[in-house]
Amino acid sequence: MTTALHPEPGRGARSAETAQPYEYRRRPLEEPDWRRLPGWRDVTREEWESAQWQRAHCVKNLRQLRSVMGGLLDESFYADLERDQAERATMSMLLPPQMLNTMDTSSTGAFYADPVRRYMLPVFSDRRADWPSHPLAERDSLHEAEMWAVEGLTHRYPTKVLAEILPTCPQYCGHCTRMDLVGNSTPNVDKHKFTVRPPDRLGAMLDYLRRTPGVRDVVVSGGDVANMPWPRLESFVGDLLDIDNIRDIRLASKALMGLPQHWLQDDVRAGMERLATKARERGAQIAIHTHVNAAGSVTPLVAKAARAMLDTGVRDVRNQGVLLRGVNDTPAALLDLSFALLDEAGIMPYYLYMCDMIPYSEHWRLAVWEAQELQHAIMGYLPGFATPRIVCDVPYVGKRWVHQLADYDRERGISYWTKNYRTALEASDPDALTRRYEYHDPIYTLPEPGREWWRRQADAA
C-alpha cells in the first residue's frame, strides 16, 4: 500500500522544498581545549576544574584579555572593545575562563561573530549608530526597585517575590536587566548601591515573608547566588524553608553555566543535598534556574554540574535564556540550544525572555512580531513540557507570553498589554486591571513612517 507515510520504494527522498525546516540530530557535548589559548597553554585539567582557579583567572580588562589571547586577535578588535568600554558599556568586563573558552578564537572574524562573545564581550561596532538606546530606555527598566517591599525584595506578583540578596556575579552579561545595581560602575553608569547591611537586609526580607502569608514562591537572585559564601546562602534558604507559607524556592545562577566548577564543589553539593532534604521533608520544592543563550555554552562540565544538582534532590534545573539578535535569533539556534540543554545536560528549557529596554541595548533587542514568529517556528519539535515559552517582561506588568498582547501598533512598534493583578504600587488604583501598558519595539525594525514618528518625538523631547 502506498501512502504519504509509506511511499513506493525509491520515491521517499525529499527535495529541499519538502524537507523539514529543522532536522534533529543528537550532538554530543564537547569541552573546548583551553590550551589552544596562549595564556592558558600550561593550565592543567586539575586547575581548570577548580572553582578557585577559575575565579582567580577571570578576564577583567583588556590587558588580561590580550594576555590570554596572545596574537590570536587583531589589534583592531581591542580598539573596538576599548571604545565600547569607554562610551557604551553598562557592565564592567568579567569573564570566567570557562565562558571565554567556549568562544570561537580561530580568527578575529570568527571571534566577532561568536554568539557568546556578542553578549558577554560587546564592542562598539556591535551597537546601533542610529538608535543605540530606545528613547524610553531606563536603567531599571522593569521598575523592580519601585516595588521593593524592603530593600532588595521586589513584590510584583501576588504570590511571588524576587529576593536580590547581593549585587555581584561571577560573570557580567552586557544585556543585564539589573545593570543599574549589579556589578562595578562604568564610565557610563554610576551604579546604585544597597544602603542596608547584608545581614539586616536579609533579615528584613525574612521578616516580611513571615508576616505576608500570601507569598508562597521566592526567587533568590541578585546578582548571582554563586557569589554568596555558601554557609550564608544555605542559612538564608534554610530560614526560607522554615516559613510555613513558602512552598517554592528558585535559586538563580548563571554560574551553573559560566562557572560550573562552583556547583561541583564538595561543600556546595553537600549543602544543596541538606537543603533539598529539608524541602522534601516539609513538602516544599527547590529548583535552580540558570541562564544559557547559546548551544555552544553547554559543555560536559555544565552537564556534570546540572546533574550533580539534580542528584542532590532539587526538583529541577531550568533555563531562562534571553532572545538576543546575533546570538539566538533563529529557529535553528533556539532548537539547537533547547536540545543541548534537554538531551545532554538534563536542564529544562523554560523561558526565553525578550531583552529588556535598558540603555544601549537596541542592537540586541527583537521586535514583538519577531518573537512571535520564533515561538511559532519552534513549536512541535520539543516535548510540550520542554518547549520554552517566549515572554515579554512588560514594565509594571510582568511576564506575558508574546502572543498575549491586547493590541499592537506595528507602524510605531508599540504593543499594549493588560494584567489581572495589582502590584503593591497599585493597591488603591481602581484602573490597574483595565489599564493598557506599553512595550516598544526597536525603532530600526519599524517601517519608515514609524521611524520618522520616533525621530519627531526625540526632537521634541
Side-chain angles (χ1 to χ4, degrees), residues 134 136-138 140-144 146-147 154-162 175 177 216-217 219 248 250 289 291 293 318-325 328-331 334-335 337-338 348-358 361-362 364-426 429-443 445-446 450:
H134 194 281
L136 298 180
E138 298 184 63
D140 182 7
S141 65
L142 301 180
H143 306 277
E144 290 179 334
E146 291 180 43
M147 298 181 226
T154 298
H155 194 168
R156 174 167 50 167
Y157 301 101
T159 62
K160 299 181 286 187
V161 297
L162 165 71
H175 65 279
T177 189
R216 64 170 302 284
D217 185 345
V219 176
D248 272 294
R250 292 177 271 173
H289 284 197
H291 175 183
N293 293 326
R318 308 184 186 113
N319 186 59
Q320 298 186 150
V322 177
L323 278 183
L324 299 166
R325 196 176 303 280
N328 53 20
D329 57 343
T330 67
L334 293 181
L335 289 168
L337 169 61
S338 297
M348 185 70 66
Y350 180 42
Y351 278 143
L352 288 163
Y353 289 86
M354 297 186 68
C355 183
D356 293 317
M357 289 177 56
I358 57 169
S361 66
E362 288 301 275
W364 281 309
R365 295 202 309 120
L366 276 68
V368 169
W369 64 265
E370 292 177 290
Q372 291 174 335
E373 289 186 353
L374 285 169
Q375 182 74 82
H376 181 272
I378 66 173
M379 299 300 291
Y381 289 94
L382 291 148
F385 64 83
T387 300
R389 293 173 176 171
I390 300 181
V391 295
C392 184
D393 211 341
V394 183
Y396 294 116
V397 175
K399 292 183 286 295
R400 286 291 183 266
W401 305 346
V402 289
H403 288 85
Q404 284 186 292
L405 44 75
D407 201 0
Y408 194 4
D409 181 344
R410 286 282 296 270
E411 181 171 293
R412 296 177 180 179
I414 306 174
S415 49
Y416 299 90
W417 309 75
T418 59
K419 61 181 178 180
N420 57 329
Y421 48 81
R422 291 180 173 86
T423 67
L425 296 174
E426 301 148 336
D429 183 354
D431 299 322
L433 304 188
T434 56
R435 182 180 295 111
R436 298 199 310 175
Y437 299 82
E438 296 180 357
Y439 180 84
H440 299 87
D441 291 343
I443 293 171
T445 65
L446 307 181

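Nothing fancy with the numbering, it's 1 onward along the sequence.
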| query | Considering residues, nucleotides and ligands other than H376, do more than 12 of their heavy atoms fall under 6.0 Å from its NE2? | reply |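 Count not over threshold, so no.
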| task | Would you confirm whether the ring centroid of Y157 sits within less than 6.0 angstrom of the ring centroid of Y421? | result |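 Judged by ring-centre distance (under 6.0 Å), Y421 and Y157 do meet the cut-off.
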Taking all non-hydrogen atoms of both residues, which atom of [X] and which atom of [Y] are closest, and how far apart?
X: I390; Y: A371; answer: CD1-O, 3.7 Å
X: T445; Y: A367; answer: OG1-CB, 3.8 Å
X: T177; Y: L142; answer: OG1-CD1, 3.9 Å

Are [X] and [Y] close enough that some pair of their side-chain heavy atoms sits under 4.5 Å apart?
X: R435; Y: Y437; result: yes
X: N319; Y: P349; result: no
X: S361; Y: I358; result: yes
X: T387; Y: M379; result: yes
X: L405; Y: Q372; result: yes
X: R156; Y: L162; result: no
X: Y396; Y: M147; result: yes
X: D409; Y: H440; result: no

| said: When you compare the side chains of H289 and Q320, does any donor N or O come within less than 3.5 Å of an acceptor on the partner? | reply: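 Yes.
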| task | Assess the side chains of E138 and S141: does a donor N or O sit below 3.5 Å from an acceptor N or O? | result |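 On atom types as modelled, these side chains do not qualify, holding no pair under 3.5 Å.
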Once rounded to the nearest 0.5 Å, what's the spacing between atom [atom1] of [X] and atom [atom2] of [Y]?
X: C355; Y: L366; atom1: SG; atom2: CG; result: 9.0 Å
X: E438; Y: S415; atom1: CD; atom2: OG; result: 8.5 Å
X: H134; Y: D441; atom1: NE2; atom2: CG; result: 8.0 Å

| field | Whether H175 and H291 hold their rings parallel, tilted or perpendicular, with breakpoints at 30° and 60° | value |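 The rings of H175 and H291 stand perpendicular, inter-plane angle above 60°.
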Using modelled atom types and a 3.5 Å cut-off, is there a donor and acceptor pairing between side-chain atoms of [X] and backbone atoms of [Y]?
X: Y408; Y: W369; answer: yes
X: Q404; Y: W401; answer: yes
X: N293; Y: L324; answer: no
X: D431; Y: T434; answer: no

| message | Which residue in the set R365, R325, Q375 passes side chain to side chain donor-acceptor pair (under 3.5 Å) when paired with E370? | response |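 Passing option: R325.
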| query | Cation over ring, R389 on Y351, under 6.0 Å and within 45°? | reply |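 No; the conditions do not both hold, so R389 does not lie above the ring face of Y351.
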| query | What's the verdict on side-chain contact (heavy atoms from CB on, under 4.5 Å) for L352 and V322, showing C-alpha distance, side-chain angles and the deciding distance? | reply | CA-CA 5 Å; L352 288 163; V322 177; over 6 Å; no
| request: Decide, yes or no, whether a salt bridge links D429 with R422 under the criterion of side-chain N to carboxylate O below 4.0 Å. | output: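 Salt bridge absent between D429 and R422.
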| query | Taking NZ, NE, NH1 and NH2 as the nitrogens, is one of them in R400 or D393 under 4.0 Å from a carboxylate oxygen of the other? | reply |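 Here R400 does not pair with D393 in a salt bridge, since their nearest N and O are not under 4.0 Å apart.
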| request: Might you work through the side-chain contact (heavy atoms from CB on, under 4.5 Å) test for L425 and E146, ending with a clear yes or no? | output: CA-CA 8 Å; L425 296 174; E146 291 180 43; 4.0 Å; yes
| task | Take T418 and L433 through the test side-chain contact (heavy atoms from CB on, under 4.5 Å) and record every step on the way to the result. | result | CA-CA 7 Å; T418 59; L433 304 188; over 6 Å; no
| field | Derivation and outcome, side-chain contact (heavy atoms from CB on, under 4.5 Å), residues V161 and V219 | value | CA-CA 6 Å; V161 297; V219 176; over 6 Å; no
| task | Please assess D248 against K160 for the test salt bridge (charged side-chain N to carboxylate O under 4.0 Å, His left out), listing each intermediate value before the final yes or no. | result | CA-CA 9 Å; D248 272 294; K160 299 181 286 187; over 6 Å; no
